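Notes follow once the structure below has been shown.
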Amino acid sequence: MIILCFIDRKCEFPTIPRLLRQGADRGRRRRYARRMGDVEIKTSWDGDEADHALDVLGLDEDATNERRIYFSEVSVGPDDPLPLNSRGLILRRRVGKGADVTLKLRGPEGCLDLAAWADRVAGWGDAAKLEGDWAGARHLLSASLDRDLNGADANTPPHSAEDVKAVLSDQQRALAREWMVPLDSLDPLGPVAAQRWKRKFDGVREKADVELWRVDQLRFLEVSVRVDRSVAASTQDALTAALATFGLPPDTTPTTKTEAVLRALMNRRG
């Protein structure tokens, strides 16, 4: 497979590699595109707003299991532009409860050839996902491939590019090569201390995940709920209304929490 990457400086969000269509059965690909699946609705706050949200939602930081999150980026100088993130590429490893490693490609809706993705991941099962990622008016699309980690891998943080590569599945390695990820140049960054809760909100059918991320003085609290695309818009409205009853504003952050955390971790390196 050939992957092309174009940079459009006029776009609000960075353009990411376009997956080229493969010559497989068109009917099957169209069916996959129609059931491209869930949308994760997100609202997040940082700093004092995160602390306030934690308080009004009645969440006890001591009552949950903490896990650590590591990201991988490429360091190219003192003013690192986050080369992978700028292409919409995310390589994440979670250590502790629910340990896994994820390779993800994320960008504005319309940036991916859904049928080509269906062809590429055929037979890979539930580890391969295609889902929406909505935060306020920012609607993104993510194509990702996961691998669960067990044993020593589940509790061992990465310290080098070799550590990052060692836990990738064969499929993840192949996809990373096709996406032209410089695996030998990766710098693992972290940890991000993360805690999670489950929370029910009035008017929202599904239980929401609430997650707190902490890196040095940076704090993010995110409320998210995953729903079928057919009810995504109405669920986003319902979640916004439910959070407003706690005095919590809708999400207006200009960047994703992943990008903000990556920049904090890069600054920590100096």
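The model shown is predicted, which means the values in this text are computed figures rather than measured ones.
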Carefully, step by step, assess Arg263 and Glu73 under the rule side-chain contact (heavy atoms from CB on, under 4.5 Å). CA-CA 10 Å; Arg263 294 197 180 282; Glu73 253 295 349; over 6 Å; no
Between the main-chain N or O of Ala116 and the side-chain N or O of Asp113, is there a donor-acceptor pair closer than 3.5 Å? yes
Pairwise distance CG(Leu145) to NZ(Lys104) - rounded to 0.5 angstrom: 12.0 Å
Criterion side-chain contact (heavy atoms from CB on, under 4.5 Å) on Thr256 and Val261, from CA distance to verdict: CA-CA 9 Å; Thr256 66; Val261 164; over 6 Å; no
Approximate separation, where rounding is to 0.5 Å, of Leu248 CG and Leu221 CG: 8.5 Å
Is there a path of hydrophobic side-chain contacts, each under 4.5 Å between heavy atoms of I, L, V, M, F, W or Y residues, that connects Val95 with Leu189? no
Salt bridge (Lys or Arg N to Asp or Glu O under 4.0 Å) partners for Arg92, two or more places apart: none
Are any of the side-chain heavy atoms of Phe220 and Leu212 separated by less than 4.5 Å? no
Sorted by chain and residue number, the salt bridge (Lys or Arg N to Asp or Glu O under 4.0 Å) partners of Asp146 (sequence neighbours excluded) come out as Lys129
How long is the span from the CG atom in Asp187 to the OG atom in Ser160, to the nearest 0.5 Å? 10.0 Å
Tell me, do Val225 and Glu40 make a side-chain contact under 4.5 Å, heavy atoms counted? no
Taken to the nearest 0.5 Å, the spacing of Ser169 OG from Leu175 CG works out to 9.0 Å
What do the steps show when you test Val39 against Arg226 for side-chain contact (heavy atoms from CB on, under 4.5 Å), and what is the final call? CA-CA 6 Å; Val39 173; Arg226 183 174 278 101; over 6 Å; no
If only atom types and distance count, is the side chain of Gln236 paired as donor or acceptor with the main-chain N or O of Trp134 below 3.5 Å? no
Steps toward side-chain contact (heavy atoms from CB on, under 4.5 Å) verdict (Trp213, Glu211): CA-CA 7 Å; Trp213 281 15; Glu211 186 166 29; 3.2 Å; yes
Salt bridge (Lys or Arg N to Asp or Glu O under 4.0 Å) with Lys198: which residues, sequence neighbours excluded? Asp209
Side-chain heavy atoms of Ile90 within contact of Leu84, under 4.5 Å: no
Would you call Lys200 and Glu206 a salt bridge, taking side-chain N to carboxylate O under 4.0 Å as the test? no
In terms of heavy-atom contacts, does CZ of Arg173 have more than 12 from other residues, nucleotides or ligands at under 6.0 Å? yes
Does some side-chain heavy atom of Glu259 sit less than 4.5 Å from a side-chain heavy atom of Leu262? no
Is the cationic atom of Arg199 (NZ for Lys, CZ for Arg) positioned less than 6.0 Å from the six-membered ring centroid of Phe201 and within 45 degrees of its normal? yes
Should Asp46 and Arg219 be marked as a salt bridge (Lys or Arg N to Asp or Glu O under 4.0 Å) after you check the CA-CA gap, both sets of side-chain angles, and the distance that decides it? CA-CA 5 Å; Asp46 62 3; Arg219 290 164 67 85; over 6 Å; no
Taking 4.0 angstrom as the limit, do Arg93 and Asp163 come out as a salt bridge? no
Is any side-chain N of the basic residue among Asp100 and Arg147 closer than 4.0 Å to the acidic one's carboxylate O? no
In short, Asn155 meets Arg68 closest at the heavy-atom pair O-NH2, 3.7 Å
Which heavy-atom pair separates Pro157 from Tyr70 by the least distance, and what is that distance? CB-OH, 3.2 Å
Can you list everything that forms a salt bridge (Lys or Arg N to Asp or Glu O under 4.0 Å) with Glu49? Sequence neighbours excluded, please. none
Ignoring hydrogens and angles, tell me if any N or O in the side chain of Asp216 forms a donor-acceptor pair with the backbone of Leu218 under 3.5 Å. no
Check Ala176 against Leu103 and note the closest heavy-atom contact, atom names and distance. N-CD2, 3.7 Å
Do Phe71 and Thr258 make a side-chain contact, defined as non-hydrogen atoms from C-beta onward lying under 4.5 Å apart? yes
Contacts of Asp251 that satisfy side chain to side chain donor-acceptor pair (under 3.5 Å) - sequence neighbours left out: Ser44, Thr253
Salt-bridge contact Glu222-Lys257 (side-chain N to carboxylate O under 4.0 Å): yes
Is it true that Glu66 and Arg214 make a salt bridge, defined as a side-chain N closer than 4.0 Å to a carboxylate O? yes
Gap between atom CG of Leu114 and atom CG of Leu141 - 0.5 Å precision: 6.5 Å
Pair Glu109 + Arg229: basic N to acidic O under 4.0 Å: yes
Beyond-backbone contact of Pro250 with Leu243, side-chain heavy atoms, under 4.5 angstrom: no
Identify the two heavy atoms, one from Ser86 and one from Pro81, that lie closest to each other, and give their separation to 0.1 Å. CB-O, 4.1 Å
Partners of Asp55 by side chain to side chain donor-acceptor pair (under 3.5 Å), sequence neighbours excluded? none
Which heavy atom of Val227 sits nearest a heavy atom of Ala232, and at what distance? CG2-CA, 3.8 Å
Evaluate the side-chain proximity of Leu91 to Leu168: yes if any heavy-atom separation is below 4.5 Å, no if none is. yes
Rounded to the nearest 0.5 Å, what separation is found between the CG atom of Leu239 and the OG atom of Ser234? 11.5 Å
Can you find a pair of side-chain heavy atoms, one from Trp45 and one from Val223, that are under 4.5 Å apart? yes
Which pair of heavy atoms, one from Leu186 and one from Ala161, lies closest together, and at what distance? O-CB, 3.5 Å
